[in-house]
Asker: 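Sharing a structure below in structure tokens format, with a few things to ask.
Numbering starts at 1 and runs along the sequence shown.
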Amino acid sequence: MDTSWCASEFDALVEFGKKSRVAIGFGTMQADGSIDPAAGAQLWINCRMSHIFCLAALRGDQSAREYAEHGIQSLLTHFYDAECGGFFATLTLEGTPMGSAGTRKEGYAHAFVLLAASSGLQAKIPGAQELFDAAAAAHNRHFWEPEAGLVREAWNREFTETEPYRGINANMHTVEGLLAAWDATHDSQWLAHAGAIVAFVASHASQLNWRVGEHYSSSWEFLPDFNRERPADPFRPFGVTPGHGIEWARLTLQYWATVQAAPQQDRPSATTELLSTLPTVALQLFDRAMADGWNVDGAPGIVYTTDFSGTPIVHERMHWTACEALAASAAFTTFASLFQLGGLEKRMGITWQELAEYVRTYVIEAPGRWYHELDNANHPSGVTWPGKPDIYHAAQAMLLPDLPLTPSFAGALARRQ
């Protein structure tokens with residue numbers, strides 16, 4: 001694996017990401033890096049930008065620390081709903097909720113509040129503890145469903161009406177936030193919640209030939225036909241999203257490594273029997289997703305969605321799927337090296353190199369500027385993701401080849417200081 005270019009590309013991504021700064025946090029960037037006022041300031045983007053700036057600060061970039069501080073304070077000052085709790089989904093650039101959708105409280109976005117706050121704690125950003133406390137309260141009081149061992153999707157502003165839909169995407173990023181929270185606090189509840197979600201996904205994926213089912217009812221009944229009429233939806237597309245299978249593979253492997261390193265008394269009971277099989281589960285998820293999505297329609301790249309037999313539906317290539325494949329193959333390479341699995345290490349190293357060549361040929365427009373969507377001929381597109389909204393997936397993919405298998409990026413970097 002030639003990773004010599006990754007550090008400079010991470011730095012370039014951080015520099016490009018600085019263009020997103022606005023008075024109330026971080027705006028949504030268009031293709032040229034300018035701010036799209038109509039998109040407002042979105043909670044998930046503000047959290048992801050704040051998280052990446054925390055990582056850059058932990059790597060020694062003092063200019064990034066100012067942006068991390070700006071992000072944490074913006075989340076506390078502008079996005080936090082002091083009246084009802086939780087965090088607004090979208091604000092205008094003037095700082096008011098953007099209509100009724102702006103006051104919505106989303107599990108997906110709240111997962112990133114937990115992530116940003118946890119990274120802020122690791123980077124010692126002022127206000128991070130206050131933000132973490134607010135994020136933890138929202139998770140425990142409103143989003144965590146103990147009877148299911150999963151998180152719900154969304155509420156209205158007052159937390160009096162909850163959306164009947166349940167989604168795995170919100171739970172996937174919640175696992176990321178929970179692992180980061182464990183790494184920052186070593187409070188065993190975070191590892192327990194992560195374990196319950198991982199166990200659910202592993203069980204259901206095993207019944208779908210290791211494809212991840214995305215959509216569920218309020219009682220967690222699988223909805224295979226959900227959004228059939230909206231196959232290119234940015235958050236809830238019909239069918240199977242290979243990029244999510246890849247991302248689940250990495251998170252499953254990181255969860256396994258986290259539990260292996262945790263004190264015995266902190267290990268969750270939800271995955272006790274499953275624990276020894278999780279590396280195999282992770283590999284099954286990765287191999288199925290790559291077989292379904294990578295180079296399957298006559299051109300390089302990973303298709304956005306398939307049906308439940310693996311036939312491509314939406315052929316656009318999202319940059320984040322390639323980023324997650326880079327990250328997952330790097331994690332498997334580290335795992336294989338650690339346990340002297342030479343065949344797996346060689347295979348994953350080759351996969352990483354092929355993905356890196358694809359990204360450098362088609363996805364990176366210029367240092368720090370990654371096309372967020374390509375069509376099935378690998379030309380810039382914008383069916384689902386116009387512009388370049390954030391740098392989260394790409395920046396993490398550039399870091400992971402140089403990091404051990406740990407619960408969080410921020411924790412791994414903090415332990416190097």
Side-chain angles (χ1 to χ4, degrees), residues 1-3 6 9-10 48 55 115 168-169 171-173 175-177 179-180 194 197-198 201-202 205 210-212 214 240-258 260 277-296 300-306 310 317-339 341 343-360 363 370 392-409 412:
M1 290 169 52
D2 175 18
T3 63
C6 294
E9 186 59 34
F10 176 87
R48 283 161 41 149
L55 301 188
L115 177 64
I168 285 298
N169 194 8
N171 279 271
M172 181 177 71
H173 286 291
V175 168
E176 181 182 27
L179 290 178
I197 298 172
V198 168
V201 171
W210 298 107
R211 297 180 177 101
V212 176
E214 297 279 346
V240 178
T241 306
H244 283 166
I246 292 165
E247 200 165 352
W248 272 112
R250 172 177 65 83
L251 288 168
T252 299
L253 195 61
Q254 285 184 276
Y255 170 78
W256 171 83
T258 300
Q260 290 290 102
T277 69
L278 284 182
T280 302
V281 168
L283 190 58
Q284 295 269 33
L285 291 168
F286 181 82
D287 285 345
R288 168 51 60 198
M290 290 294 284
D292 286 351
W294 173 240
N295 294 352
V296 294
I302 301 171
V303 299
Y304 182 35
T305 65
T306 73
R317 286 90 160 98
M318 308 303 168
H319 94 294
W320 67 263
T321 62
C323 294
E324 288 303 325
L326 279 171
S329 56
F332 278 112
T333 301
T334 299
F335 167 79
S337 175
L338 187 64
F339 289 93
L341 303 173
L344 180 62
E345 183 178 2
K346 181 179 179 180
R347 175 162 76 91
M348 287 299 174
I350 291 171
T351 298
W352 188 93
Q353 196 62 49
E354 290 175 348
L355 288 159
E357 290 172 5
Y358 170 77
V359 164
R360 299 182 79 179
V363 180
W370 295 43
Y392 155 83
H393 285 285
Q396 291 195 155
M398 294 297 92
L399 287 178
L400 200 54
D402 189 42
L403 296 178
L405 275 178
T406 58
S408 73
F409 289 83

Asker: Heavy atoms only: give me the nearest Thr306-Val303 pair and the separation to one decimal.
Answerer: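 Between these two residues, the closest heavy atoms are CG2-CG2, 3.9 Å.
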Asker: Do Pro401 and Met1 touch side chain to side chain, with heavy atoms closer than 4.5 Å?
Answerer: yes
Asker: Evaluate the criterion side-chain contact (heavy atoms from CB on, under 4.5 Å) for residue pair Arg360 and Glu9; output intermediate values, then yes/no.
Answerer: CA-CA 11 Å; Arg360 299 182 79 179; Glu9 186 59 34; over 6 Å; no
Asker: If you round to the nearest 0.5 Å, how far is CG of Asn169 from NE2 of His244?
Answerer: 4.0 Å
Asker: Sequence neighbours left out, what passes side-chain contact (heavy atoms from CB on, under 4.5 Å) with Val359? Give chain and number order.
Answerer: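 side-chain contact (heavy atoms from CB on, under 4.5 Å) list for Val359, sorted by chain: Ala322, Leu326, Val363, Ile364, Trp370.
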Asker: Under the side-chain contact (heavy atoms from CB on, under 4.5 Å) rule, what do Trp320 and Tyr304 come out as? Steps first, then yes or no, please.
Answerer: CA-CA 10 Å; Trp320 67 263; Tyr304 182 35; 4.1 Å; yes
Asker: Partners of Glu354 by side-chain contact (heavy atoms from CB on, under 4.5 Å), sequence neighbours excluded?
Answerer: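 Per chain and number, Glu354 pairs via side-chain contact (heavy atoms from CB on, under 4.5 Å) with Trp294, Ile350.
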Asker: Please report the shortest heavy-atom distance between Gly245 and Val212, naming the atom on each side.
Answerer: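 Scanning both residues completely, I find the closest heavy atoms to be CA-CG2, 4.1 Å.
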Asker: Pair Phe409, Leu400 - check side-chain contact (heavy atoms from CB on, under 4.5 Å), show working.
Answerer: CA-CA 8 Å; Phe409 289 83; Leu400 200 54; 3.9 Å; yes
Asker: Do Gln396 and Arg250 have side-chain heavy atoms sitting under 4.5 Å apart?
Answerer: yes
Asker: Is the ring pair Phe332/Phe335 parallel, tilted or perpendicular, if the boundaries are 30 and 60 degrees?
Answerer: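 Taking Phe335 first and then Phe332, their aromatic rings stand perpendicular (interplane angle over 60°).
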Asker: Only counting residues at least two apart or in another chain, list the ones meeting side chain to side chain donor-acceptor pair (under 3.5 Å) with Asn295.
Answerer: none
Asker: Mind listing the closest non-hydrogen atom pair of Ala336 and Glu345 along with its distance?
Answerer: CB-N, 3.4 Å
Asker: Answer yes or no: is there a side-chain heavy-atom contact under 4.5 Å between Val175 and Val198?
Answerer: yes
Asker: Could you tabulate the donor-acceptor pairs under 3.5 Å formed by side-chain atoms of residues 277-289, not counting sequence neighbours?
Answerer:
from   : atom 1 : to     : atom 2 : distance (Å)
Thr277 : OG1    : Leu274 : O      : 2.6
Asp287 : OD1    : Arg347 : NH1    : 3.1
Asp287 : OD2    : Arg347 : NH2    : 3.4
Arg288 : NE     : Asn209 : O      : 3.2
Arg288 : NH1    : Asp292 : OD1    : 3.1

Asker: Taking all atoms of both residues into account, what is the closest heavy-atom pair of Ser329 and Trp352, and its distance?
Answerer: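 Heavy-atom minimum between the residues: OG-CD1, 3.3 Å.
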Asker: Which atoms form the tightest heavy-atom contact between Thr333 and Gly349, and what is the distance?
Answerer: OG1-N, 3.6 Å
Asker: Can you list the residues that meet the side-chain contact (heavy atoms from CB on, under 4.5 Å) rule with Thr321, with sequence neighbours excluded?
Answerer: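 Ile302, Met318.
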Asker: On a heavy-atom basis, which atom in Gln353 and which in Asp2 lie closest, and how many Å separate them?
Answerer: OE1-N, 2.9 Å
Asker: According to side-chain contact (heavy atoms from CB on, under 4.5 Å), who are the partners of Ala257, at least two apart in sequence or on a separate chain?
Answerer: Leu405
